[in-house]
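First up is the structure itself, then whatever we jot down about it.
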Amino acid sequence: MSIINYNKTFFLKSAANLSDINIEHGIEIAFIGYSNSGKSSAINSLTNQKKLARCSKTPGCTQLINFFHVTSNFRIVDLPGYGYAKCPISIKLKWENLIDSYLKKRKLLKGLVFLMDIRNPLKVYDQNIINIALDQNIPTFILLTKCDKLTLSQQKIQFQIVYKKLKFFSKEFNIELFSSFKKIGIKKLQSQLNTWYKEYR
Ligand SMILES: Nc1nc2c(ncn2[C@@H]2O[C@H](COP(=O)(O)OP(=O)(O)OP(=O)(O)O)[C@@H](O)[C@H]2O)c(=O)[nH]1
Ligand SMILES: [Mg+2]
């Protein structure tokens, strides 16, 4: 049985800058990945809610960090997706700075759920995030999202490719197949979040 009821998660606040956050207790786990990688959908599946985090077919240029209350001392955080091609360069730079400073400066950040579309993993900015996670010693759980788009054998091949490449960097990364649409990997995600929560309680 899960120690946390994720279904009770609710939206807390958004922040456009690190200095706007003003929450200084408990711990945070952040969902990070390219725009359109499936972060908001994953948060909705995790919490069994349809519209908790906003999802879109057309990725936008939102640059807000969204905080969700899971328990009084445990939050999940939906980070703005990076790499949306149609955004002006000034907005892209602001994204990168915001994410970069959140990862490097936020003391309450205790883990990352790092999402990559299984059809196109380990793109340039993903590698940048992996380097920051390693440098900052942030435990990272990797989800290969939208796995419903591939056959089982294609999923295995992609999994092995990512596994081998990441093992080269570090043994620390856990990788799972994930699909919000087919509800694959949600129990594993909950179990990882429970583990992190227990460590810091
Ligand atoms: N096939 C499939 N599509 C998915 C899955 N999860 C999300 N999608 C679709 O992918 C698109 C992007 O999903 P979001 O959850 O909004 O992605 P995001 O990472 O939050 O995107 P940004 O907010 O722009 O950073 C939407 O059209 C979703 O319906 C999945 O498990 N399978
Ligand atoms: Mg989103």
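Here, residue 1 is the first one in the sequence, and each next residue gets the next number. Counting starts at 1 for both ligands and their atoms, following the listed order.
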Checklist entry - Does Ser35 reach ligand 1 with a nitrogen or oxygen that is under 3.5 Å from one of the ligand's nitrogen or oxygen atoms? => result yes

Checklist outcome for this item: Test side-chain contact (heavy atoms from CB on, under 4.5 Å), reference Leu193, set Ile4, Ile3, Ile29, output is Ile29

Item to check | Contact atoms of ligand 1, heavy-atom distance to Ser179 under 4.0 Å | outcome: 31 (O)

Item to check | Heavy atom of Tyr34, distance to ligand 1 below 4.0 Å | outcome: yes

Checklist entry - ligand 1 versus Lys149, non-hydrogen atoms closer than 4.0 Å: side chain, backbone, both, neither? => result side chain

Item to check | Set of residues satisfying side-chain hydrogen bond (donor to acceptor under 3.5 Å, both in side chains) with respect to Ser179, sequence neighbours excluded | outcome: Asp148

Next on the checklist: Once side chain to side chain contact (heavy atoms under 4.5 Å, CB included) is applied, do any residues pair with Ile186, and if so which ones, sequence neighbours excluded?
Outcome noted: Ser45, Phe178, Lys183, Gln190

Item to check | Numbered atoms and elements of ligand 1 in range of Lys39, under 4.0 angstrom, heavy atoms | outcome: 15 (O), 17 (O), 18 (P), 19 (O), 20 (O), 21 (O), 22 (P), 25 (O)

Checklist entry - About how many Å separate CZ of Phe114 and NZ of Lys39, when rounded to the nearest 0.5 Å? => result 10.5 Å

Next on the checklist: Determine whether Phe10 and Thr47 satisfy the following criterion, side chain to side chain contact (heavy atoms under 4.5 Å, CB included), listing intermediate values before the conclusion.
Outcome noted: CA-CA 9 Å; Phe10 59 86; Thr47 57; over 6 Å; no

Item to check | the Mg ion (ligand 2) to nearest N/O/S of Ser40 below 2.8 Å | outcome: yes

Item to check | Option among Ile118, Leu150, Leu177 that satisfies the side-chain contact (heavy atoms from CB on, under 4.5 Å) test with Phe159 | outcome: Leu177

Checklist entry - Are any of the N or O atoms of Gly38 closer than 3.5 Å to those of ligand 1? => result yes

Item to check | N or O pair under 3.5 Å between Ser180 and ligand 1 | outcome: yes

Checklist entry - Nearest to atom 11 (C) of ligand 1 by heavy atom, Asp117, Ile43, Asn36: which? => result Asn36

Checklist entry - Contact between Gly33 and ligand 1, counting heavy atoms under 4.0 Å? => result no

Item to check | Proximal ligand 1 atoms for Gly81, defined as those under 4.0 Å from one of its heavy atoms | outcome: 25 (O)

Item to check | In one Ile/Leu/Val/Met/Phe/Trp/Tyr side-chain cluster, 4.5 Å: Leu108, Leu12 | outcome: no

Checklist entry - If you measure every N/O of Pro80 against every N/O of ligand 1, is any gap under 3.5 Å? => result no

Checklist entry - Between Asn66 and Ser14, do the side chains contain an N or O donor and an N or O acceptor separated by less than 3.5 Å? => result yes

Checklist entry - Based purely on interatomic distance, does Ser41 place a nitrogen or oxygen under 3.5 Å from a nitrogen or oxygen of ligand 1? => result yes

Item to check | Check: Lys13/Asn22 side-chain N/O donor and acceptor closer than 3.5 Å | outcome: yes

